[in-house]
Amino acid sequence: MAAGRPVTNAIEVTGLTKTYGDLRAVDDVTLAVEEGEFVGILGPNGAGKTTLLEMIEGLREPDSGSAVVLGLPAWPRNPALLPRIGVQLQASSFFDYLTAREQIRTFAALYGVPAAHADEWLERVGLVEKAGTRVEQLSGGQQQRLSIACALVHDPDVVFLDEPTAALDPQARRNLWDLLSGLNDSGRTVVLTTHYMDEAETLADRVAIMDHGRVLVHDTPAALVRGLDAATRITLADGEVITTRDPAAEIARLADEQRLAGVQVHTGTLEDVFLELTGREYRA
Amino acid sequence: MTGPFRALSLAIMRGFFRDRAAVFFAIVFPLMFLVLFGSLFSEDSSPRVEMVQVGAVPLFDDLSDEARAAFDETFEVSHSDDLDAAIDEVRTGDANVAVVQEGDTIVAHYTLADPAGAAITRGAMQAFVDGANLAATGQPPTYSMETDPVEDESIDAIQYYMPSLLGWAIAMSAAFGAAATLQGWRKSKLLRRLQLAPVSSTTVVGARVSVTVSIALVQMAIFIGTGALLFDLTLTGDWWMAIPLVVVGTLCFMAVGLLAAAITKSQEGAVNAANFIVLPMAMLSGTFFPLEGAPQWLQSFAQILPLKHLNEGMLDVMVRGEPWTAALGPMLYLAAFATVVTLVAARLFRWETA
């Protein structure tokens, strides 16, 4: 963010609540996302991530609270807001029997975007060779790439991605990370839900950890880990394990003793943060 | 045509024509019935009487050309010299009647297995004998007869089946199309995705409707073309009124499909529900066989079915020579039915399938 420019929030969520029967799917969530920020909403399945996202997108009416996106209320459906947001829903929402090129051109036309621009997006997500292939014949990773391209084809200011890597194998997930990590380069705001710790840690500027409908914390991964009251474990090449609250001093001492070769430093991870916050192991 | 409307219509149209099962059940399957029924029932409804003449039968052999032509229309004659063998043929059902002339007496050995055929045989032969008697007197006939075929409700098979099967074809493809689209789009969340695009629901629904209506008009063209080319289909005066009738009928059965989708939870369930509604309705609306012989309560029940009204309307203007106003009543009924069913479907509709 350029110095001196006032920080504005792309998304402001205040006291958002949604109840289904006895279940409080989203429970009094307050959250602000800055313009140009990449935010990861992390939580186990059933934590309420998708419901929260759908309220911010304007697909669901909140029981109480409000979601404001780019200064406009998300609910009720606001035609002025829609061209400025891009959405990838959890399922692969495609038209039956259409090729990759036909899909993205159809979505482009809905936003008044010319076909040539749609083809450019096909190139940016690496699907030019698959342009003439019908979606049902694309691999899971290719479908997700296309789905993301369809969400971005009109160059929205804010883009919502709901678990884009959920069904992918590890290799396809990492390939998709390359694409995702560049999405906010041009000042675009990105909100991504995931139940993978490493994904949130790698991609997001800030991570909001959700459990049982509540946002427990919202900060940068580094700050979250720093806030942990957890010791750092240093494993030496000879197998000796040093547990310390002052890793800097300990490593300096090891350097003086010429014992740094083969050292592994294990600081806290978001899993430790989750354990600390909920008192239970993280299970995606 | 605006960009989004055009793009959506194109996407849906492509989806339809690339879905082999959809094309088969909307176009090929009903067309198979048309060709089948058209061929089955295109033969003369009363086949000729098979007559075996034993030896010379001067009464028939010496008929005037005019009388001979009439004779040949009624009888298909073969010859034999062995009376016992000829009677055996009648007994085994290979012939209807064996005829022998003994002096001035015509003896006919015929079977009663087919009473209607027997009556025709007896009556026709009696007529020829009477005619020959009259001619033998040399007197001019006192009475004469002229025939004037009247086009009544008992029309040719193809004339009946083309509009009836077309009604069924349209009902199927409209109901299945709407049911499968709504369920499929809901399941894949495409419906949600479109809700988040800056297009109105009018545009989305309008695109879907325009594609289904176009498909129905294509079905209509194919049916009329097939009827005219393969069979002797003759359309009557105000047949063009069937076009708006088909449009309203399509809307009505799309509404039925929406209802099927609203009350089911999966795409298969929706298509099955649509089938469950449309197929019995086709039976009761006289698509496969006329209902004249059905019990009165069944015929009364059929009057509430929209397909019955679509079929009757199309029969009236396409083949019965009724004026275009005959289609207005059915159109009104179909429109009212569509409105009610759509409102019910909208009330029952849930965004979530679970």
Side-chain angles (χ1 to χ4, degrees), chain A residues 20 25 50-51 53-54 56-61 69 74-99 101-115 118 134-137 143 147 150-151 153-154 156 158-160 162, chain B residues 1-24 26 176-208 211-212 266-268 270-271 350-354:
Chain A
Y20 296 112
T50 298
T51 307
L53 208 60
E54 289 182 344
I56 302 174
E57 291 161 353
L59 275 181
R60 266 173 219 281
E61 183 178 11
V69 179
W75 183 270
R77 185 176 182 269
N78 188 340
L81 182 58
L82 297 179
R84 300 182 63 194
I85 65 171
V87 177
Q88 187 214 19
L89 301 171
Q90 218 171 60
S92 298
S93 313
F94 294 123
F95 292 92
D96 291 333
Y97 301 103
L98 293 201
T99 66
R101 187 191 288 116
E102 288 165 348
Q103 299 283 357
I104 195 167
R105 284 187 175 180
T106 304
F107 280 107
L110 299 183
Y111 292 88
V113 172
R134 294 195 192 164
V135 278
E136 59 268 25
Q137 280 145 20
Q143 287 192 7
S147 183
C150 288
V153 71
H154 56 293
V158 181
V159 59
F160 300 93
D162 198 0
Chain B
M1 234 195 259
T2 62
F5 179 81
R6 197 171 161 273
L8 280 172
S9 304
L10 194 62
I12 297 166
M13 184 71 94
R14 280 182 168 139
F16 172 78
F17 280 107
R18 289 175 192 176
D19 180 356
R20 293 210 183 99
V23 173
F24 178 80
F176 288 11
T181 301
L182 186 57
Q183 272 295 356
W185 287 13
R186 175 162 67 172
K187 192 169 162 222
S188 75
K189 291 204 175 186
L190 183 59
L191 217 49
R192 286 290 205 190
R193 180 66 187 78
L194 291 176
Q195 214 188 0
L196 286 172
V199 289
S200 66
S201 47
T202 317
T203 305
V204 178
V205 174
R208 177 67 255 197
V211 170
T212 309
S266 71
Q267 197 160 358
E268 293 76 19
V271 170
R350 295 284 174 270
W351 279 102
E352 308 308 317
T353 44

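Proteins get letters first, then strands, A, B, ... in listed order; numbering begins at 1 in each.
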Is it the backbone or the side chain of [X] that comes under 4.5 Å from a heavy atom of chain B, or both, or neither?
X: A:Glu102; value: side chain
X: A:Phe94; value: backbone
X: A:Thr99; value: both
X: A:Arg105; value: neither
X: A:Leu98; value: both

Where [X] and [Y] come nearest, the two heavy atoms and their spacing:
X: B:Pro4; Y: A:Ala109; value: CG-O, 3.7 Å
X: A:Leu110; Y: B:Ala197; value: CD1-CB, 4.1 Å
X: B:Arg193; Y: A:Ser93; value: CB-CB, 4.0 Å

With distance as the sole test, does B:Arg192 use its side chain to make a donor-acceptor pair with the main-chain N or O of A:Leu89 at under 3.5 Å?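 No, the answer is negative, given that no donor and acceptor are paired below the 3.5 Å cut-off.
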A:Tyr97 backbone acceptor or donor facing B:Arg18 side chain under 3.5 Å: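 Checked: pair present.
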Quick check for you: to the nearest 0.5 Å, what is the distance between B:Phe16 atom CZ and A:Asp96 atom CG?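 Rounded to the nearest 0.5 Å, the CZ-CG separation comes out at 13.0 Å.
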Any chance you could measure A:Phe107, atom CZ, to B:Leu194, atom CG, to the nearest 0.5 Å?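 Going from the CZ atom of A:Phe107 to the CG atom of B:Leu194 covers 6.0 Å.
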Given side chains that start at C-beta, do those of A:Phe95 and B:Leu10 come closer than 4.5 Å, heavy atoms only?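 No - every pair of side-chain heavy atoms lies 4.5 Å or more apart.
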If you tally heavy-atom pairs under 4.5 Å against chain A, which of B:Thr181, B:Leu196, B:Asp19, B:Val199 wins?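 Of the options given, most contacts go to B:Leu196.
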Tell me, out of A:Asn78, A:Ile85, A:Leu81, A:Val87, who's got the most heavy-atom pairs with chain B below 4.5 Å.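 Greatest number of close heavy-atom pairs with chain B: A:Val87.
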Can you tell me which portion of B:Leu191 sits under 4.5 Å from chain A's heavy atoms? Options are side chain, backbone, both or neither.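 Interface part for B:Leu191: neither.
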